[in-house]
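Below, chains carry the letters A, B, ... as their sequence lines are ordered, and counting in each starts from 1. Side chains are part of it too, since the values below use all heavy atoms of this structure and drop only hydrogens, waters and symmetry mates.
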2 protein chains.
Amino acid sequence: MITKKAEYAIIILTELASNPPGTTVTSKEIAFRRSIPVNLVVQLLAVLKEAGWTEGTRGPAGGIRLITDPEKINLREVVEAADGPMGITRCLFSSAPCRDQKHCSLRGIWSRAQQEMLKVLEEVNIKDLVEAAALEA
Amino acid sequence: MITKKAEYAIIILTELASNPPGTTVTSKEIAFRRSIPVNLVVQLLAVLKEAGWTEGTRGPAGGIRLITDPEKINLREVVEAADGPMGITRCLFSSAPCRDQKHCSLRGIWSRAQQEMLKVLEEVNIKDLVEAAALEA
DNA sequence: TAAGAATATAACTAAGTTAGTTATTATTAT
DNA sequence: ATAATAATAACTAACTTAGTTATATTCTTA
C-alpha cells in the first residue's frame, strides 16, 4: 500500500520544484499551500533531506530548497523513501521464500505483478508532475 | 496489499483443483495438507462459495468440491473475492477524486500502476498453478 | 549576546486492518 | 440419536497508519 505520507512527499517535492531553482520555502508555507499538516511536512522533510534531494537553512529567513534536478527524481524513489521498500504482499518483504517451497509458485507471480507496477512509477518524475500541473492551471 | 487470506484462498482452490474433478475434500484435510489454520480455511470456503466456485456437502462423508473450471478462475478474481476491491492507494478506493483536483495528477498515475499489476494477475489462472506445481514434483 | 525563527527528532495516540481464535448453529450419513 | 461435517458470527491481539504533542538544536539578526 502506498501511504498518504508517500503522496505528501511527492507533493512537497512538486511544490519545491514549481518555484524557480534555488528558491527557499519554509515548511509552514508548504503546509499551507498544499493543505498538509505542518508536522507531517516537517517529518517528511527529514526523509527528503536524508535522500539527498533537499537542503534546509535554519534561522529567520531560512527554509528548504531543492538541490536535485526534479527530472532525476522518479516516483518509485520517493515512495520507497517515504514508505520503505515496496511489497504488494508480505511475502515479498522477507528475502527468504516460504518454508513450503512446493506450493509457492505464487512468489514469482507477485513479484512480476509488483515489477509492472513499479515500472509505471519509475517512468514518472517530479518534473513531469510540475508540468502537468502547469497545463491544468 | 494482498493479504495472506487472499494467498490462502488461492492455495485452497489450487488444492481442490489438483484432485480429479468432482472429488470432495474436507476443510480439515485442506488445512492439514496446505498448513493453513483450519478456522481460516473455513472462513475462506465461505468466500469461495459466495463467489460460486465451490459447493459443500454437510454431514459425515461431506466436504467441499470445485464446481468451476479452474481455467476460468484468475488470480485477480480470487484476490478481490478474499480482500475486497484492490487499491494500491487509499485514494483509489474512493470513487470521488481528492477535493484538491489541481494537485491530483497523481490519481491517474496510481491507477495506471495498479492496472499494470492487475493485468499480470489476470493472466494467471488456477489451472496454471496446478500445472506449475505438477512440474516441480 | 540574547531572542526569535526556523529545522530536527522523538515519543505518544486514536482509528483501522490483519491474522487468527472461539463459539455456536445447521445439516446429513450411519 | 449421534457423530461428523459445513456454515456463520462474534471476538481478540498485534500491527500499521495518520496525525499530534513535546522538546531539542541551530542559525540569524537586531
Using atom types as modelled, flag every donor-acceptor pair under 3.5 Å from a side chain in residues 47-57 of chain B to any protein atom, sequence neighbours excluded.
{"unit_1": "T54(B)", "atom_1": "OG1", "unit_2": "K49(B)", "atom_2": "N", "d": "3.4"}
{"unit_1": "E55(B)", "atom_1": "OE1", "unit_2": "R65(B)", "atom_2": "NH2", "d": "3.1"}
{"unit_1": "T57(B)", "atom_1": "OG1", "unit_2": "R65(B)", "atom_2": "NH1", "d": "3.1"}

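- Comparing I2(B) and T57(B) against DNA chain C, the residue whose closest nucleotide sits nearer the 5' end is I2(B).
- Between I67(B) atom CD1 and dA6(D) atom P there is a gap of 15 Å when expressed in whole angstrom units.
- Contact annotation: Y8(B) side-chain N/O to dA19(C) OP1/OP2 distance is not under 4.0 Å.
- For the pair E29(B) CD and dT5(D) C1', the interatomic distance rounds to 12 Å; values are reported in whole Å.
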Under the criterion side chain to side chain contact (heavy atoms under 4.5 Å, CB included), I'd like the reasoning laid out for R112(A) against V124(B): C-alpha separation, chi angles, the key distance, then a yes or no.
CA-CA 11 Å; R112(A) 240 164 52 224; V124(B) 182; 4.1 Å; yes
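- Rounded to whole angstrom, the span from the NZ atom of K28(B) across to the P atom of dA6(D) amounts to 8 Å.
- Distances shorter than 4.0 Å separate none of the side-chain N or O atoms of T26(B) from OP1 or OP2 on dT5(D).
- If you check residues 39-49 of chain A against DNA chain C, the residues with a heavy atom closer than 4.0 Å are V42(A), K49(A), listed by number.
- Between R90(B) and dA18(D) there is a side-chain N or O to OP1 or OP2 distance below 4.0 Å.
- Under the Watson-Crick or G-U wobble criterion, with both distances below 3.5 Å, dT30(C) is paired with dA1(D).
- Atom P of nucleotide dT17(C) and atom NZ of K4(B) are separated by 20 Å, given to the nearest angstrom.
- One interatomic measurement links the two molecules: CD of E50(B) to P of dA7(D), which rounds to 12 Å at whole-angstrom precision.
- When rounded to the nearest whole Å, the span between CD of E55(A) and P of dT7(C) equals 13 Å.
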N19(B)/T24(B) under side chain to side chain contact (heavy atoms under 4.5 Å, CB included): CA gap, chis, key distance, verdict:
CA-CA 9 Å; N19(B) 295 304; T24(B) 70; over 6 Å; no
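- Evaluation of atom-type donor-acceptor distances gives no pair under 3.5 Å for the side chain of R58(A) against the base of dT28(D).
- Between D83(B) atom CG and dG20(C) atom P there is a gap of 13 Å when expressed in whole angstrom units.
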Decide yes or no on side chain to side chain contact (heavy atoms under 4.5 Å, CB included) for I30(B) and L16(B), but give the supporting numbers first.
CA-CA 8 Å; I30(B) 298 173; L16(B) 289 170; 4.2 Å; yes
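- Take the nearest nucleotide of DNA chain D for V38(A) and for M1(A): the residue whose nucleotide is more 5' is M1(A).
- Taken together through direct or relayed side-chain contacts under 4.5 Å among Ile, Leu, Val, Met, Phe, Trp and Tyr, V42(A) and I12(A) form parts of separate hydrophobic clusters.
- For the side chain to side chain contact (heavy atoms under 4.5 Å, CB included) test, residues two or more places apart in sequence or in another chain that qualify with E116(A) are K119(A), E116(B), V120(B).
- With L75(B) as the fixed residue, the side-chain contact (heavy atoms from CB on, under 4.5 Å) test singles out one of L121(B), L13(B), L118(B): L121(B).
- In this structure, CD1 of I36(A) is placed 13 Å from P of dA18(D), rounded to the nearest angstrom.
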